[in-house]
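Remember, predicted model here, so these are calculated numbers, not experimental data.
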Amino acid sequence: MTALHDLIARFARIGATDDGGVCRLAGTARDKEARDLFLHEIADRGLVPRIDAIGNLFGVAMLAPASTDVVMTGSHLDSQPTGGRYDGVFGVLAGILAVEAVRERCRANPGAARRNLAVVNWTNEEGARFQPSLTGSSVFAGALSLKDAYACSDVEGVTLGEALAAIGYCGTTPLEHNPVRYVELHVEQGDRLEQAAADIAAVSGAWMTRKISVMFEGDYSHTGPMPMALRRDALRAAARAIEALYQEVARETAGAHASAGRISVYPNSPNVVAGRVRVWFEIRHEAEDVVSAISDRFLKRIARESGEIGVGISIAADERRAGTVLDPGGVTLVLSAAADLGFKAMTFKTITGHDALAIQKSVPSSLIFVPSEGGLSHNPREFTAPAALDKGYALLTEVLWRMVTAKA
């Protein structure tokens, strides 16, 4: 679909990097530019704009003015520092066009629509600059307070509330309709669809994730004269811990995924033994007991091994995201629509986090995947074939049509 591909290319120019990727962190000037363009696109299509206090942006199509109910679709426009052009933005832009297509279909079938329809861009899905991720959708679902969301700060001490105010996106016009369903279209960010030569995944739920931020406390000293045996090197302890995590995952032999994705070193000088280091770890698996077994064993091990070299540890943050079950009725509907369109579909759980998982806490939610080439994501080279994007758009349009016209 030419309009979809043109929109994706247009948004990819905002925050474009030299390697072909996109860097568009939440609350930055680039985020503002993308948000402004989003508002321009929904205004061009006659949708009603709404911006809530956490900066979630909505474009509402009044398909059934007598109804207070609304079906929502969308995703996010923010990216990772090493982002590609499809992650998140595909769901927002396909959502705009799908809302427009469903509205035209409703105009051709007067009285068919029983609910209204909205496209949404959720604030700070990625969590690259501000943690936790899924911020805007979590506030919308009532799982995170606005006060706590505003207080999230980046490495320079700027809060999310301050960043949103600086770009003019602390909104005052929340969505006034009653959300009854949410559908998110996304690239898979894995290779299961590709391996199965399938077109579509109706995602049934998500793996559990435990995110642990650990502080390693040693002592500062000169890297030259301080005797090796007397050093309390926090960076050495952190390095041991990173390897220990991989070893504990391998020891479990359960197919868990884990990483150490971020590290902060103080004073971060080449001539000073690091006295304080913070590392962000995460462990993911479908089964909660597997995640608990690995992470609990890991924490005991690094406390012991760090102590052996004179370094103490403390837990700066420990977030447990339980495995989520998405709306079973939505899975059935997606599979039925895919079959009617002649698409090969399958069902599995997502390993990654998505706004649909947060919204499911208050609104029945569905998540649709299209294939990612090589499973590559959070990488400038991420790629989904145009034909696959078109199939995702076609399916989203059909699913939304069925949701807004369903009798119950």
Side-chain angles (χ1 to χ4, degrees), residues 26-27 31-32 34-78 88 91-93 95-96 98-100 102-103 113-127 130 132-152 159-184 327 354-366 400 403-404:
D31 184 27
K32 172 179 169 53
R35 288 166 174 269
D36 290 349
L37 182 54
F38 173 81
L39 286 177
H40 173 77
E41 291 297 327
I42 65 174
D44 268 3
R45 291 165 173 79
L47 305 180
V48 180
R50 291 290 181 265
I51 309 172
D52 67 15
I54 194 60
N56 296 321
L57 279 71
F58 304 87
V60 184
M62 300 297 294
L63 306 182
S67 174
T68 60
D69 291 343
V70 65
V71 174
M72 302 185 300
T73 187
S75 193
H76 60 96
L77 294 174
D78 67 312
V92 177
L93 302 183
I96 292 174
V99 168
E100 186 177 32
V102 171
R103 183 183 61 188
R114 298 172 181 269
R115 293 156 205 90
N116 301 295
L117 187 56
V119 59
V120 56
N121 164 51
W122 303 109
T123 292
N124 191 45
E125 190 272 355
E126 291 288 3
F130 303 99
S133 56
L134 311 181
T135 311
S137 52
S138 294
V139 171
F140 185 87
L144 179 67
S145 72
L146 180 63
K147 178 181 177 181
D148 288 344
Y150 276 165
C152 298
T159 68
L160 177 57
E162 291 168 342
L164 289 173
I167 65 172
Y169 277 95
C170 290
T172 58
T173 55
L175 185 70
E176 63 265 37
H177 292 84
N178 172 47
V180 292
R181 301 292 289 267
Y182 173 65
V183 187
E184 182 167 359
D327 177 39
H354 295 282
D355 289 306
L357 305 176
I359 298 301
Q360 175 65 33
K361 293 180 172 64
S362 64
V363 179
S365 298
S366 303
L400 293 176
M403 286 184 173
V404 300

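- Remark: side-chain polar atoms of Thr173 are paired, donor with acceptor, to backbone N or O of Ile51 under 3.5 angstrom.
- The minimum heavy-atom distance linking Val120 with Val92 is given by the pair O-CG2, 4.0 Å.
- With sequence neighbours excluded, the residues satisfying side chain to side chain contact (heavy atoms under 4.5 Å, CB included) with Ser365 are Tyr182, Leu326, Ala356, Ile359, Gln360.
- Among residues at least two apart or in separate chains, side-chain hydrogen bond (donor to acceptor under 3.5 Å, both in side chains) pairs with a member in residues 143-152 are Ser145-Asp148.
- For the side chain to side chain contact (heavy atoms under 4.5 Å, CB included) test, residues two or more places apart in sequence or in another chain that qualify with Pro364 are Arg181, Asp327.
- Residues Gly95 and Thr73 come closest through the heavy atom pair CA-CG2, 4.0 Å.
- The salt bridge (Lys or Arg N to Asp or Glu O under 4.0 Å) analysis of residues 159-178, with sequence neighbours excluded, yields the pairs Arg50-Glu176.
- With rounding to the nearest 0.5 Å, the separation of CG in Asp355 from CD in Glu184 is 5.0 Å.
- If you take CG on Leu63 and CZ on Arg114, they are separated by 13.5 Å, rounding to the nearest 0.5 Å.
- Listed here is the closest heavy atom pair of Leu164 and Cys170: CB-SG, 3.6 Å.
- The heavy-atom pair separating Pro49 from Leu39 by the smallest distance is CB-CD2, 4.2 Å.
- The shortest distance between side-chain heavy atoms of Leu175 and Phe140 falls below 4.5 Å.
- Here the CE atom belonging to Met62 is positioned 11.5 Å from the CG atom belonging to Leu117, to the nearest 0.5 angstrom.
- Between the side chains of Asp44 and His40, at least one donor N or O sits under 3.5 Å from an acceptor N or O.
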Residues 52-61, side-chain donor-acceptor partners within the protein, below 3.5 Å, at least two apart:
residue : atom : partner : partner atom : Å
Asp52   : OD1  : Ile54   : N            : 3.3
Asp52   : OD1  : Gly55   : N            : 3.2
Asp52   : OD1  : Asn56   : N            : 2.9
Asp52   : OD2  : Asn56   : ND2          : 3.0
Asn56   : OD1  : Thr123  : N            : 3.0
Asn56   : ND2  : Gly136  : O            : 3.0

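- Scanning both residues, Ala64 and Asn116, for their nearest heavy atoms gives N-OD1, 2.8 Å.
- Considering all non-hydrogen atoms of both residues, Ser137 and Trp122 come closest at CA-CE3, 3.8 Å.
- Side-chain contact between His76 and Asn121 is present, with heavy atoms from C-beta onward closer than 4.5 Å.
- Put simply, the side chain of Asn124 never gets that close to the backbone of Thr135: no donor and acceptor are under 3.5 Å apart.
- Between Arg103 and Leu47, the closest side-chain pair of non-hydrogen atoms falls below 4.5 Å.
- Residues Glu41 and Glu100 are not in side-chain contact: their nearest non-hydrogen atoms beyond the backbone lie 4.5 Å or more apart.
- Contacts of Asp69 classified as side chain to side chain contact (heavy atoms under 4.5 Å, CB included), with partners at least two apart in sequence or in another chain: Ser67, Arg115, Asn178, Val180.
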